[in-house]
2 protein chains.
Amino acid sequence: MPELKLRQVSQLPPLQAIRVFEAVARHLSFTKAAGELGMTQAAASYQIKLLEERVGAPLFLRRPRQIVLTEAGQRMAPAVSEAFALLGGAYAAARSGADGVLCVSTLLTFASNWLAQHLGSFQVAHPSLAVRLDTSNRLVDFAREDIDIAIRSGGGNWPGVEVHKLFNADFTPMLSPKLAATIGGVNEPADLLRLPILDPGDVWWRDWFIAAGLPVEELAKRPGSSMGAQAYEANAAIAGQGVAIVTAALFKAELADGRLIQPFDLVGDDGHAYWLVYPQARRNVPKIRAFREWILAEIAGQ
Amino acid sequence: MPELKLRQVSQLPPLQAIRVFEAVARHLSFTKAAGELGMTQAAASYQIKLLEERVGAPLFLRRPRQIVLTEAGQRMAPAVSEAFALLGGAYAAARSGADGVLCVSTLLTFASNWLAQHLGSFQVAHPSLAVRLDTSNRLVDFAREDIDIAIRSGGGNWPGVEVHKLFNADFTPMLSPKLAATIGGVNEPADLLRLPILDPGDVWWRDWFIAAGLPVEELAKRPGSSMGAQAYEANAAIAGQGVAIVTAALFKAELADGRLIQPFDLVGDDGHAYWLVYPQARRNVPKIRAFREWILAEIAGQ
DNA sequence: ACGGCCCATAAGGAGGACTTATGCCTGAAC
DNA sequence: GTTCAGGCATAAGTCCTCCTTATGGGCCGT
C-alpha cells in the first residue's frame, strides 16, 4: 500500500527530526542541541535539513555567529515544544503511575490468612506503593488482566512466567480444642473417626488417611459439603463443627492463640505448593522486584 | 558520550513507538492502526511491545476479540493524542503558513519599473498569497536571509541556485523629449555630445560610445555623479537634467507615454541579464513554482 | 593575519524498523 | 462439535534510516 504510506508520511513529518528541531529551536544552536540529545552536530544538521525539505521552507537562518528562526520556524516552535512537554508528561505519568499501584492477584485463603497479617510491613517499607488485591481462584493470565504479580498454588510449572516457591501446600487435620475435648482429646489418628469431618470428599483426606493408616472407606460413607476454600473450612472448624484438613502454614495465628489445634505432626504432601508468579519480562520492574524481595524475606524469616 | 545518550533515551521513549501507540489507542486494534499508518500488523505489534518494555508495564490487555487499555495505557493515551494533534497543527501551520507569504528580494529598479506595474496580475491570480518585497542591491544569501525568491542582474552563474533569464540587461541612451528639443532633436549619436550626460563614469556609456563610434575621451572630461540605480538616473532624465543610459525593457511605460524617448535603436550588451533566482532545493515549493511560472509567462507575453 | 567557533557536506557503518511467513487462540457459524 | 475466520504474537531476513567520523568553509575575535 504505497499510496497509504505516502499519505501518512505527508501528514506528519519525521518525528526524530521534530525532536531535534525542538531542541535546536530552544538552544538556537545545532551544536548545543546535539549535545543535549547526545548526538553529534552533524546529525542535528542532517535532521534539520531533512525537516526543512519536508516542510518546504527553511526553519533557521544561518547567521555567522548564531542561527535564528525563520518565520516558518517561529510558527512551528511553540506548539512543538508544548507537544513534547505533553509527551514527556504522559510518559512520565505512565511510568511513575505504573510504579505507584501494585496489583496482586491472590488466592482467597492466602489473602485472608497470610497477607492480611503481613502486608502491613510491606506498606510500611514502601509507603508510596498502593497495593490493590484481586482475590480469585482463577489462574490469572497476565496478558489479558491488569495484574502485576500473583500468588497461586499448584505444581509450579507454568510457561512464560517467573515462579518462586513460598511454601509447600502440605495438609494436616485441624480442629477446635473444644471439639477435641468432647471426645476426651484427640490422641491418635483413629480418634478422628469419632468426629464429623468437614468436606470428606477432599482428596487431601484420602491421602492423609492412607498416610495415617486409617481405612479410606470411612470417608466415602460420610455426608460431604465441599467448602471451596481452606478459609471457609477453617472457620467451620474453629466454630467446632468438625475437623478440617488444611495447610498449617496458613493458620499459624489460629494455632498460636488456641482457636485451632493440630493434633498430629503427620502432614500430607501432594507436591503442590504456593508460588509467587509474575511475567518474566517484568522481573526488573521496581515495584515487582520490591514485592518479590519483601515476600521472600518475610517467608524465610518466620 | 554513552551516558548522555542513556540519559536522553530514558527521558523520552522512542517516538515511532509512541506514534503507533497513539493510533492503536484510538482504534483499539493493532491491525487497524497499522493500516492507518501504512504498515503491517506485525510492525505495530513490535512497536507496542517495545514501548511496553520501556514503560515497564503493559499498555494493552489482549482480549480475544479486541484489546483494551490498561490503567497505564489510559493514563498515557489522552496526553499523547493531544500532543500529536499539536504536532500536526504546528507542522501544517508551518507548511501552509510558509505558503501564504512570498518574500521576494528584488533590485530597486526592477521593483519600481517592472514589478510595480505587473505584480497586480499575480495578486489577482493568487489571492491567498501575500507578497513581501525586500528591495536591495545586495546579492541575497538564501541561507541567511528569509527570502524565497530573488531577482538579480549579472552573469547568471551562481552556484546552488536555479536561475531563469528574464531579459538581457542591455542599455541605450534615453532622455526627455523636452531636452532633445533644446538642441533641435537628437538625430545621430554625436548629438549627445552637446547634452549633459548623467553618470558619465558608468561603463555602459563607454561601451555604447565605442559601439556608436563616438570618442570615449569625451566621457572622461565630464563631471560625473553616480546615480546608483537606473531608476534614479531615469528620473533625472525625465526631469530633463541630462541623458541616461538604461535598460529599455524597464522603461516601456515611460517610452509609451512620452516621458522618455529612445533616440537610437543601437543597444549595448555586456552579457549581463536580469535573472530570476531561487534555491534549487525549493524549486517545487508551490508558491515558488507559482511565481516562477507567472513571471516567465508575463515576460514572454509582453 | 591567524586561531577558534560553528555549520555544511560526504562517506561509511551499525542498528533499528518493517515485511513476509507462520502459529496460536478464541469466538462464531454451520 | 467442528470448522472457519479474525486478530495478535513471533521469527527470520532485508532494507534503509540515522548517526559518526572526517573535512571544509565562513566569520569573528585577538
Side-chain angles (χ1 to χ4, degrees), chain A residues 1-2 4-6 8-9 13-21 23-25 27-54 58-70 139 141-144 159-160 279-281, chain B residues 1-2 4-6 8-9 13-21 23-25 27-54 58-69 139 141-145 159-160 279-281:
Chain A
M1 45 187 88
L4 255 181
K5 191 167 206 169
L6 210 65
Q8 155 59 19
V9 159
L15 292 174
Q16 188 58 16
I18 295 223
R19 164 193 254 164
V20 174
F21 168 77
V24 174
H27 291 290
L28 288 180
S29 156
F30 285 38
T31 307
K32 291 205 191 79
E36 172 181 313
L37 296 176
M39 57 194 195
T40 60
Q41 167 269 325
S45 175
Y46 166 82
Q47 293 290 358
I48 294 299
K49 180 174 203 175
L50 219 69
L51 185 57
E52 287 178 329
E53 280 173 9
R54 183 61 75 73
L59 297 169
F60 297 97
L61 299 178
R62 279 70 167 178
R63 295 280 172 71
R65 205 61 188 167
Q66 64 167 10
I67 57 178
V68 299
L69 283 161
T70 64
L139 193 67
D141 179 348
F142 293 105
R144 72 181 56 173
Q280 278 169 349
Chain B
M1 47 187 88
L4 254 182
K5 190 167 205 168
L6 209 66
Q8 154 61 16
V9 158
L15 292 175
Q16 187 58 16
I18 294 222
R19 166 193 253 162
V20 174
F21 169 75
V24 173
H27 290 291
L28 288 181
S29 157
F30 285 39
T31 307
K32 291 205 189 79
E36 172 182 313
L37 296 177
M39 55 193 199
T40 60
Q41 168 269 324
S45 175
Y46 167 81
Q47 293 290 358
I48 295 299
K49 180 173 200 173
L50 220 68
L51 185 58
E52 287 179 327
E53 281 173 7
R54 183 62 75 74
L59 297 170
F60 297 98
L61 299 178
R62 278 72 166 176
R63 294 280 171 70
R65 205 63 186 164
Q66 65 166 14
I67 57 178
V68 300
L69 284 160
L139 192 67
D141 180 346
F142 293 105
R144 71 181 56 171
E145 293 174 59
Q280 279 170 349

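Naming convention: chains lettered A, B, ... in sequence-line order (proteins, then strands); numbering from 1 in each chain.
The side chain to side chain donor-acceptor pair (under 3.5 Å) search around B:Gln16 returns B:Arg19, not counting sequence neighbours. Scored by the side chain to side chain donor-acceptor pair (under 3.5 Å) test, B:Arg62 finds B:Glu52 as partners (sequence neighbours excluded). Shown here are the salt bridge (charged side-chain N to carboxylate O under 4.0 Å, His left out) partners of B:Arg63, two or more places apart in sequence or in another chain: there are none.
Summarising the geometry, the separation between CD on A:Gln41 and P on D:dA22 is reported as 14 Å, rounded to the nearest angstrom. Rounding to whole angstrom units, CG of residue B:Leu61 and P of C:dT26 are separated by 15 Å. In this structure, B:Ile48 places its CD1 atom 11 Å from P of C:dC18, rounding to the nearest Å. Between B:Phe21 atom CZ and D:dC8 atom P there is a gap of 15 Å when expressed in whole angstrom units. The nearest whole Å value for the distance from the CG atom in A:Leu37 to the C1' atom in D:dC18 is 13 Å. Rounding to whole angstrom units, CZ of residue B:Arg19 and P of D:dT17 are separated by 14 Å. Between A:Leu28 atom CG and C:dC7 atom P the separation is 10 Å, expressed in whole Å. The distance from atom CG of A:Leu51 to atom P of D:dT17 is 16 Å, rounded to the nearest whole Å.
The CD atom of B:Gln66 sits 10.5 Å away from the CG atom of B:Leu61 when rounded to the nearest 0.5 Å.
OP1 or OP2 of D:dA9 has at least one side-chain nitrogen or oxygen of B:Arg62 nearer than 4.0 Å. In this model, the phosphate group of D:dT10 is not approached by any side-chain N or O of B:Ser45 to a distance below 4.0 Å at OP1 or OP2. Considering only side-chain N and O atoms, A:Thr31 lies nowhere under 4.0 angstrom from the phosphate OP1 or OP2 of C:dC5.
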Distances under 3.5 Å between nitrogen or oxygen atoms of protein and nucleotides 26-29 of chain D:
unit_1: D:dC27; atom_1: OP1; unit_2: B:Arg144; atom_2: NH1; d: 3.1

Close N/O contacts between protein and nucleotides 10-17 of chain C (under 3.5 Å):
unit_1: C:dA17; atom_1: OP2; unit_2: B:Tyr46; atom_2: OH; d: 3.2

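Between A:Ala23 and A:Ala33, the shortest heavy-atom contact is C-CB, 3.6 Å. A:Ile48 and A:Phe21 make their closest contact through CD1-CA, 3.7 Å (heavy atoms, listed as atom of the first residue, atom of the second, distance). Taking each heavy atom of B:Phe30 and B:Ile67 in turn, the nearest pair found is CE1-CD1, 3.1 Å. Of all heavy-atom pairs between B:Pro13 and B:Leu51, the closest is CB-CD1, 3.8 Å. For the residue pair B:Ala25 and B:Leu69, the shortest heavy atom distance occurs at CB-CD2, 4.3 Å.
Contact of the A:Val24 side chain with the A:Gln47 side chain is not registered, since no non-hydrogen atoms from C-beta on lie closer than 4.5 Å. Side chains of A:Phe60 and A:Val68 form no contact here, defined as non-hydrogen atoms less than 4.5 Å apart.
Taking five base pairs at each end of the helix from C:dA1-D:dT30 to C:dC30-D:dG1 and finding the rotation axis that steps the C1' atoms of four pairs onto the next four gives two axes whose angle is 30°, to the nearest 10°.
If you check every strand for non-hydrogen atoms under 4.0 Å, A:Thr40 touches a base.
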